Peer 1: 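Mind looking over this structure? Questions follow.
Side chains are part of it too, since the values below use all heavy atoms of this structure and drop only hydrogens, waters and symmetry mates. Since this is a predicted model, take the numbers as computed values, not measurements.
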Amino acid sequence: MTDGIYSIIFHVAEALELPVVILALLALAAVLVETGMFIVELVKRRRRTFTALSRSGASARDAVDAGRTTEASALLQTVAWSSAVGAAFSVIVKEVGKPGADTRIAKELADFDFSRQGRLSRTRLLVRVGPALGLMGTLIPLAPALDGLARGDVDALTENLRLAFSITVLGILIGVLALGLSLVRERLYGQDFSDLEYIAAVLTDDGTGASAVNPVPTRPAPTATLRDPAPLPPKADLPPLTETSS
């Protein structure tokens, strides 16, 4: 009975060898595609400056106040560093000035954050899947390798050990690349969310927010300065008093 159970486990492990190798290759292809897309994102963000963002936001605010929503959306597209940010800019411009605009803009920001988390989940999944596949790809060929060693089949031992160590290196590579992409993208997407919040605040502000953030400096009231008192004139030398006889 026990031998039959062990035999089933051995056959299942052997059957998983080819799927694990295929999945590891697919994970490597996926992380390479994500790396290419990440490089494209970095190239688009080379022009990102807060000066350009604030200038486009101010111009878009003037266009919205004048009723030119299409022009405002076009102005913001020049500082949209990704298609998701550009779509969110368009929705914000469309909702400005409508009843309940604050609620719908807040919902758009929440949806953007949700999609951002979904975008990050792909590389975060590869961070865990890569090393797991590498470990499975390492352990599965060890059984036939040890069997070849017991039979004196050096060729089988060498082939299985090479496969085991190669899958290990492949899994670690996938995990390292995916981890680096996840960390940097998390910072970049957080910056995108901050830009969206800034533009939403600029377009919906009544004008008092800017003065509250950057108050006009007031000149302190002049204070009287104390001057040194003028020196008193020297006392005249008076003759000494003498007693007079009555």
Side-chain angles (χ1 to χ4, degrees), residues 33-125 127 178-223:
V33 171
E34 292 291 338
T35 303
M37 296 174 65
F38 172 71
I39 294 175
V40 173
E41 292 178 3
L42 287 182
V43 171
K44 290 182 178 180
R45 295 170 190 270
R46 288 183 308 169
R47 300 175 289 106
R48 187 197 179 280
T49 59
F50 179 72
T51 302
L53 182 68
S54 59
R55 187 183 300 114
S56 297
S59 301
R61 174 60 188 267
D62 294 338
V64 168
D65 291 340
R68 303 189 303 271
T69 57
T70 303
E71 179 183 349
S73 180
L75 289 170
L76 293 177
Q77 296 304 317
T78 60
V79 290
W81 319 116
S82 65
S83 58
V85 175
F89 279 156
S90 300
V91 173
I92 292 174
V93 171
K94 188 184 301 182
E95 298 296 337
V96 170
K98 296 181 180 179
D102 293 339
T103 303
R104 285 192 289 271
I105 290 176
K107 181 64 171 62
E108 177 62 26
L109 293 177
D111 289 342
F112 176 83
D113 184 63
F114 182 76
S115 63
R116 178 172 64 97
Q117 295 299 326
R119 185 74 178 82
L120 287 172
S121 64
R122 290 189 289 182
T123 50
R124 288 173 177 171
L125 179 63
V127 172
L179 179 60
L181 292 176
S182 299
L183 293 177
V184 180
R185 272 180 171 168
E186 187 173 2
R187 181 180 63 83
L188 294 178
Y189 294 165
Q191 194 174 54
D192 290 343
F193 188 78
S194 176
D195 291 346
L196 287 174
E197 287 185 322
Y198 174 78
I199 293 298
V202 169
L203 296 181
T204 58
D205 189 17
D206 57 358
T208 59
S211 60
V213 176
N214 299 314
V216 179
T218 57
R219 183 175 299 177
T223 57

Peer 1: Output the distance between atom CD1 (Ile105) and atom CG (Leu196), rounded to the nearest 0.5 Å.
Peer 2: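 Rounded to the nearest 0.5 Å, the CD1-CG separation comes out at 11.0 Å.
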Peer 1: Do Tyr198 and Phe50 touch side chain to side chain, with heavy atoms closer than 4.5 Å?
Peer 2: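 Yes. Closest side-chain heavy atoms under 4.5 Å.
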Peer 1: Check Arg119 with Glu34, please: is the shortest side-chain N to carboxylate O separation under 4.0 Å?
Peer 2: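 Salt bridge: yes.
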Peer 1: From Lys94 NZ over to Thr69 OG1, what is the distance, rounded to the nearest 0.5 angstrom?
Peer 2: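 Spacing of NZ (Lys94) from OG1 (Thr69) equals 9.0 Å.
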Peer 1: For Thr78 and Ala74, indicate whether the former's side chain and the latter's backbone hold a donor-acceptor pair under 3.5 Å.
Peer 2: no
Peer 1: Would you compute the distance between atom OG of Ser56 and atom CD1 of Ile199 and round it to the nearest 0.5 angstrom?
Peer 2: 7.0 Å
Peer 1: Identify the heavy atoms of Gly118 and Ser121 that sit nearest to each other, and give their distance.
Peer 2: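 Closest pair (atom of Gly118, atom of Ser121, distance): O-OG, 2.5 Å.
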Peer 1: Just by modelled atom types, is the Arg104 backbone N or O under 3.5 Å from a matching donor or acceptor in the Glu95 side chain?
Peer 2: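 No, the answer is negative, given that no donor and acceptor are paired below the 3.5 Å cut-off.
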Peer 1: One thing to verify: whether Asp195 and Arg48 come together as a salt bridge, which I'm taking to mean a side-chain N less than 4.0 angstrom from a carboxylate O.
Peer 2: yes
Peer 1: So how far is it from Met37 CE to Leu181 CG, rounded to the nearest 0.5 Å?
Peer 2: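 Atom-to-atom, Met37:CE and Leu181:CG are 10.5 Å apart.
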Peer 1: What distance separates Asp192 CG from Arg185 CZ, expressed to the nearest 0.5 Å?
Peer 2: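 The CZ atom of Arg185 is 11.5 Å from CG of Asp192, to the nearest 0.5 Å.
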Peer 1: Walk me through whether Glu197 and Phe112 qualify under side chain to side chain contact (heavy atoms under 4.5 Å, CB included).
Peer 2: CA-CA 11 Å; Glu197 287 185 322; Phe112 176 83; over 6 Å; no
Peer 1: Any chance you could measure Leu125, atom CG, to Arg122, atom CZ, to the nearest 0.5 Å?
Peer 2: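 One gets 11.0 Å once the value is rounded to the nearest 0.5 Å.
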Peer 1: So do Val184 and Leu188 actually touch side chain to side chain, heavy atoms under 4.5 Å?
Peer 2: yes
Peer 1: Could you go through the side-chain hydrogen bond (donor to acceptor under 3.5 Å, both in side chains) check for Ser59 and Glu71 one step at a time?
Peer 2: CA-CA 9 Å; Ser59 301; Glu71 179 183 349; over 6 Å; no
Peer 1: Without swapping roles, check the side chain of Arg45 against the backbone of Trp81 for a donor-acceptor pair under 3.5 Å.
Peer 2: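 Here the side-chain-to-backbone pair does not exist.
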Peer 1: Only one of Thr204, Ile92, Val96, Leu75 passes side chain to side chain contact (heavy atoms under 4.5 Å, CB included) with Val64; say which it is.
Peer 2: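 It is Val96; the other options fail the test.
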Peer 1: Could you tell me which non-hydrogen atom of Ala72 sits nearest to which non-hydrogen atom of Val93, and how far apart they are?
Peer 2: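 That would be CB-CG1, 4.0 Å.
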Peer 1: Which heavy atom of Arg116 sits nearest a heavy atom of Glu186, and at what distance?
Peer 2: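 Closest approach of Arg116 to Glu186: NH1-O, 4.1 Å.
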Peer 1: If I compare all heavy atoms of Val127 with all of Ser182, which pair ends up nearest, and what's the gap?
Peer 2: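 Nearest pair, atom of Val127 first, then Ser182: CG2-OG, 4.1 Å.
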Peer 1: State whether Asp102 and Lys107 are salt-bridged, where the test is any N-O pair (Lys NZ or Arg NE/NH1/NH2 against Asp/Glu carboxylate O) under 4.0 Å.
Peer 2: no
Peer 1: Do you know the tightest heavy-atom contact between Val79 and Phe89?
Peer 2: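 Closest heavy-atom pair between Val79 and Phe89: O-CE1, 4.0 Å.
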